[in-house]
Structure formats: structure tokens, C-alpha cells
Student: 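Sharing a structure below in C-alpha cells format, with a few things to ask.
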Amino acid sequence: MEDDFDHTLDSNYGSSHDKVIVHLDADCFYAQVEMLKNPELRTLPLGVQQKNLLVTCNYVARQCGVKKCMLVSDAKRLCPSLILVKGEDLYDYRQMSTKMTLLLQKFSPLVEKLGLDENFVDVTQLVAETLKSDFAGGRNVEGHVYGDTTSMCDCGCYERLCVGSQIASEMRKQLKEELGVTCCAGVAYNKLLAKLVCSTHKPNQQTTLFPAGVSALMLNLNNVRSLPGIGHRTSEILQSLGISSIEQLQNINLEPLEQALGRTMAERLKKLSVGADDMVVKPSGKPQSIGLEDGFRKITLESEVKDKCEVLLQRLMILLVEDGRIPGAIRVTVRKYDNSSRYSHRESRQCNIPSSLFLPKVGTLPSNAHDKLLTSIMKLFHKIIDISKPFHLTLLGVAFTKFHERNTGKGSITSFLVKDISVQSVMNFQNISLHGVEAMECSSSKNAGKQSGSTLNYADKSGSESEPEPSPKKTRADFCRGSRKRSLTESDKDSPNKHRSSELRLSTGEPINEVDFSKLSDGIQEELMESCMSLPSLTDKLGISDNSSPNTSMSSEDNFQCPSNVDPTVFRELPQELQLELMESWQTKDRETLKVANSSKCLPGKPKQNSILKYVISKK
DNA sequence: AGTTATTGAG
DNA sequence: CTCAATA
């Protein structure tokens, strides 16, 4: 660990060979999970269905010519015996995805999730340790090697990538043995190449790429569209420049490219085209926003809008409780009817919200939080849509952002109760249904239908902050022998049986208990009381920006905010009730009653790693 | 500096 | 459709 891997000092950043990246991609992920749930399906042709779309299918089905992203009707024609299971509730898939990421984190803390079924792992460190401690010379590649192996690079990458391939093999072995999941893996010295080479041998195989094979791998790509980072828009622009093949992209001059795409994009694409990529494996934490949206044919009435938003909000509250953090702002998104541009012309507005809405009010449950939020949502809506004129919407979305962590210790009684109480308040509201539809693995093949029922989907909380294992000095022996202690029993126990979609699930898997405050012991009552009092002060300090400038276009003005003309230091010390009152009176434009004082920025620039400590310190 | 729009990936 | 990263 005294080795430094400071790539930023390299001049050839992006094309140096000093990292080892493994990309893992689970084979037909949804279908695999379904087969684990019901092993009888293993030998039968199986398809996973969302709406009228076959989002994926197992390899038995593929032998009949069934492909993913087919219409269900077409697939049935091709393979009449095809078994179909609904894949709209993503719960079990998320659960498995989390387990996979957790398992991979034993090899390196640098695990980046891509969707539910892919992971990047930066194993540079583990490779270095292995090379250091393992004197045994013979370096063999596990699995396939892509392309040419004759010419060699002398920077040492050959040995590193060999060890990388062995690590990848061990990862796949453990994923199979402990979770029952088969994966493909790609091993290379950067993310781009690891991902590209991963898919060269499917399924359940792995491939390693050495520098000698890079050129061939790139040139074998069919067109620029298959480069990660080039989507439909960029590929259209490139097309208009007469570029469709990778080779053309490699050879075009930088200037015209810059002209069309801007300097940063142009330079990035040029590098990508020759297999250079300096993207770092960034451990995925919790999402920065949690939202839901619903597409539909038309909505023209305000009352319909309100109804839709209310439903979205209800479901959103569940996700919020599962997430455990407190949002600092809410955003509303709208898509107006527009038959010219098939593409999403969307508009959104957001405003801050007081975190007090999400705290337990002891004794009196926060029944009005919902209404307050709904009011905010409608206000935001009115900023986008002038309802005095007719309007026609095709989509509504609501999302929470600007999260901050709950501030009590993670295992603390309070955090448990807070969670619990929130859950109850949500449940009280109405009964809820958890349902998700996701067009995965499919390049959005038009929801021709109406009512594209809203999707429930959010990143898993496998994140870095839960820090399941600090992984103290892994040696090769460690990962090779693997820790097989875990999981099998665990996953058997909470086996993802028939979870009804209306069932409410906490992320921790803990049961929801009734909590009667008065029955709690005095000590606990006191602790709860105390933390309730301290919560708003801390969270307000962390989460609410002053945003006092009235000139910044559409923002602030109404809705809840930390009163900008109150010294936050003073504000923080006030009792919760008073804080609330201040905020409310401020919100209702009753601003004269507030003392003017200096207002300083409450939020640091980057809410990146949301450690409370960091926030506090950077607040100076 | 903070919001909003666009793009890309799954 | 959800979420991140940019612009």
C-alpha cells in the first residue's frame, strides 16, 4: 500500500497499463434469478416479461431463436413452449444485485455498479499485493485471451493482467457457489476495454485483453454506436460528419469533431476510439435523487395532475423510508404534449423543503407531511403550467434530491424508531402497491401502449457508506480460499419467495414493529425525545441552503426554506417548534417578523461523499 | 452558486 | 423509466 497509484501524474493518462479492471456481467440476469427462485425452470425455455415485452430469456429459449427485447407474441410464435414469468417487481433482482456487489467488495472497495447486473472492480491493489507476496512464478491466464498475444508490453502489465484474470475467475467462482449466479468477466487495464472484452465470450466465460489485442478489439466493433459513451444523439451527429465506423473516428481530424461536439467530448471520443479511457472506478453509493414518473396519453385537468402526483408521492415516501436519508428538495417534472419532437421535451422545477417534515413528531404522527409536500408539488407544477390556459401533459414526475444522512448513530434506537414511525405513517395513509416496470437491456423500444405504468426503480443501497467490510489487507490466499462462510444460509432464510407486491419491505429486512411511545422505558423515551430535539437543528444546518437571492429565475420565493435572513447559528439553537414556526412564517411571506442577520452558505459545493463530518468541517 | 436541460446507460 | 454526469 506504500505503492502509489497516482494516475493523475501520468502523462499518458488513459492509455497507461498500470491498472487492472474487472468487469462482471451476469448472464441474462432476470432469467437467472427466476430460475434460482424456481429451479424447475432451469431446463425449460424461459422468458421474463414486462408489459408486452420479453426483456430477457434464458439460454434454452435462445436456442429456439428467442431474443431479448422481442415482443412476447413474436417469441411465443418462435417457441410455443416458452414459459413466461412476470418481471415487473424488481425486488428480488435488486436483492440479488446487492448481494453480488457485496461479495465483490471483498476483493476491493472500488466496486462500481452499472445497472442491476453489471459491476466494475478495480483490483489494482489486490494484484499488487498478490504479486508481492506470491513468489511462485508461473503466470497463467484464466479463461480466454482476446486476440494477439505475440507482441509483449514490458511495463509489467502482462503479469498484472494474468493475476487479474485469476482474480476474476475466483470472483465468478464465488458468485456461482455462494449466490448461484453465473457471470461473464472481462479483464483489462481500463474500464472501456474491460467492458468491451467482457462480452466477447458469452455466456459464463471470461476474457482477458492485453495491449497487443486492443487494436483488433476496437476495430472489430461494428460502429461508433457500440462505444460506451456514444448514444443515439452523438452517433447521429457523427453520422452527419460521415463517421460511422470506429476506424473513421480514429482517423478524423480533431477540429471538425470539436466543431460539432465541443472540445472535451471530441477529445474523449478520439481516445475512446483507440481504446484509451481514463475513467476511474467510482464506488457507487446511494443515489443522489429518488424519483418516480408516470407516462400517459393525456392529462388536461389540474385535478388529474393532483391525483397523479398524490399517488406518485405515496409510493415515493416508501422508497424514501427504505433509503433512510432525508431529502432537502423536491422536484416536479412535466412533459407537454408535442407530436413534432418524439423526444423528451421535459421541464422541471424544484424547491427546498424543511427536513422537519421527515422527522417523527412524538405522540402526534406527522399526518400533514403528505399534504405539505403535495402543496409544494402543486406550486411547482403551477410554475411550469399556466392552468388558465388549456394544457396537455404526457408525463408527470416527482423526485426528492439534496439528501443528507440522518444524524443519529446507525444502530441507534432513534434511527430505528424514526424509520418505524415513518413507515407507519406511510402505511396509514393508504395501502400501497409496489410495482415496477423496467425496460432493461432494451434500447427503449417505444412504449406504444398507453399508461406506461410508472417505474419503481432506484439504485441499491449496497453503497460504500454501509461499508460492510473494511477488508483488512487481503492476500492472495485470502481471496483464493474465499470466505465461504457467508450467505448460503442467509439467503436461504430470507429466500425471495412470493413477496407480494403490496408488501412493505424495509431495506434491512427487519419486521415492522408497532411502537407505542408511552410503553417505552423512560430512558428510551428520553433518548428519543432528545434526539428529536437535536435532529432538526443538525439537519437544517446541513441540508437547507439559504438561497436568498430573488433574482435566480424561477427558484425560491415560496415553499419552505431555512429563513435566509436569520443567522443560521442562532436558528440552529432554537427549539424545534420555534424553528418550524419561523420557517413557516417565512414561507408564508410573513417575513417582516424576522430579524435580519447575516446568512452564510449552508451547503458545501460538492455533496459528494455525504459524511456528516465533512459537511460540518467544510462549513467553517 | 444553484437550477434546469440534455444525453447516455441500464 | 431511473439515475448520473454535464452543459
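This one's a predicted model, so the numbers in the text were calculated from it and none came from an experiment. Letters go in sequence order (proteins before strands), and every chain restarts at 1.
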Student: At under 4.0 Å between heavy atoms, what does A:G229 touch on the DNA or RNA strands: base, sugar-phosphate, or nothing?
Tutor: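 Sugar-phosphate, backbone atoms only, no base.
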Student: For the side chain of A:Q288, starting at C-beta, report the closest nucleotide among C:dT2, B:dT3, C:dA4.
Tutor: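 The answer is C:dA4.
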Student: How many whole angstroms separate atom NE2 of A:H232 from atom C1' of B:dT7?
Tutor: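 Rounded to whole Å, this separation is 7 Å.
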Student: Kindly say if A:S348 contacts the phosphate of B:dA5, meaning a side-chain N or O under 4.0 Å from OP1 or OP2.
Tutor: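 Result: yes.
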Student: Check side chain to side chain contact (heavy atoms under 4.5 Å, CB included) between A:D386 and all other residues, then give those that pass, not counting sequence neighbours.
Tutor: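 For A:D386 the side chain to side chain contact (heavy atoms under 4.5 Å, CB included) partners, ignoring immediate neighbours, are A:S388, A:K389.
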Student: Side chain of A:R233 only, heavy atoms from C-beta on: which candidate in C:dC3, B:dT7, B:dA9 is closest?
Tutor: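 It is B:dT7.
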Student: Which one, C:dA7, B:dG10, B:dT3, comes nearest to the side chain of A:T264?
Tutor: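 Looking only at side-chain atoms, A:T264 lies closest to C:dA7.
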Student: Please name the pair of heavy atoms, one in A:Y93 and one in A:K86, separated by the smallest distance, quoted to 0.1 Å.
Tutor: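 Reported closest heavy-atom pair: OH-O, 4.1 Å.
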Student: Which residues pass the salt bridge (Lys or Arg N to Asp or Glu O under 4.0 Å) test with A:D307, sequence neighbours left out?
Tutor: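 If we apply the salt bridge (Lys or Arg N to Asp or Glu O under 4.0 Å) test to A:D307, skipping adjacent residues, there are no hits.
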Student: Quickly work out the A:E293 CD to C:dA4 P distance and round it to whole Å.
Tutor: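 Taking CD of A:E293 and P of C:dA4, I get 13 Å after rounding.
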Student: Side chain of A:R349 only, please: which of B:dT4, C:dA4, B:dT7 is the nearest?
Tutor: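 Of B:dT4, C:dA4, B:dT7, B:dT4 is nearest to the side chain of A:R349.
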Student: To the side chain of A:N352, which of B:dT7, B:dT3, B:dA9 is closest?
Tutor: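 That would be B:dT3.
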Student: When you measure from the side chain of A:K282, which nucleotide among C:dA5, B:dG10, B:dA5 comes out closest?
Tutor: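 Closest nucleotide among those given: C:dA5.
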Student: Between P on C:dC1 and CG on A:L319, what's the gap in Å once rounded to a whole number?
Tutor: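 Atom-to-atom, A:L319 to C:dC1, this comes out as 16 Å.
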Student: Starting from P on C:dC3, measure out to CZ on A:F403 and report it in whole angstrom.
Tutor: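 To the nearest whole Å, that distance equals 9 Å.
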Student: Check the side chains of A:T182 and A:D27 for a donor-acceptor pair under 3.5 angstrom, ignoring hydrogens and angles.
Tutor: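 Distance-only check passes for A:D27 and A:T182.
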Student: Specify the separation, in whole Å, of atom NZ of A:K113 and atom P of C:dT2.
Tutor: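 In whole Å, C:dT2 P lies 16 Å from A:K113 NZ.
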Student: What integer distance in Å separates A:L114:CG from C:dA4:P?
Tutor: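 So the CG-P distance, A:L114 to C:dA4, works out to 12 Å.
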Student: Using 30° and 60° as the class boundaries, would you call the ring planes of A:F358 and A:F400 parallel, tilted or perpendicular?
Tutor: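 Aromatic pair A:F358/A:F400 classed perpendicular.
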Student: Taking only the side-chain heavy atoms of A:E118 (C-beta and beyond), determine which of C:dA5, B:dG10, C:dC3 contains the nearest atom.
Tutor: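 Between C:dA5, B:dG10, C:dC3, the one nearest the side chain of A:E118 would be B:dG10.
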Student: Check the phosphate of C:dC3 against A:K286, side-chain N and O only, distance under 4.0 Å to OP1 or OP2. Yes or no?
Tutor: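 No.
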Student: Measure the distance from CG on A:L395 to C1' on B:dA5 and round it to the nearest whole Å.
Tutor: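 Checked: the CG to C1' distance equals 15 Å.
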Student: Without decimals, in angstroms, what is the distance between A:M265 CE and B:dT6 P?
Tutor: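 Roughly 16 Å, once rounded to whole Å.
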Student: With a non-hydrogen cut-off below 4.0 angstrom, is A:I384 in contact with a base, only sugar-phosphate, or nothing?
Tutor: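 If one applies the 4.0 Å heavy-atom cut-off, A:I384 turns out to touch nothing in the nucleic acid.
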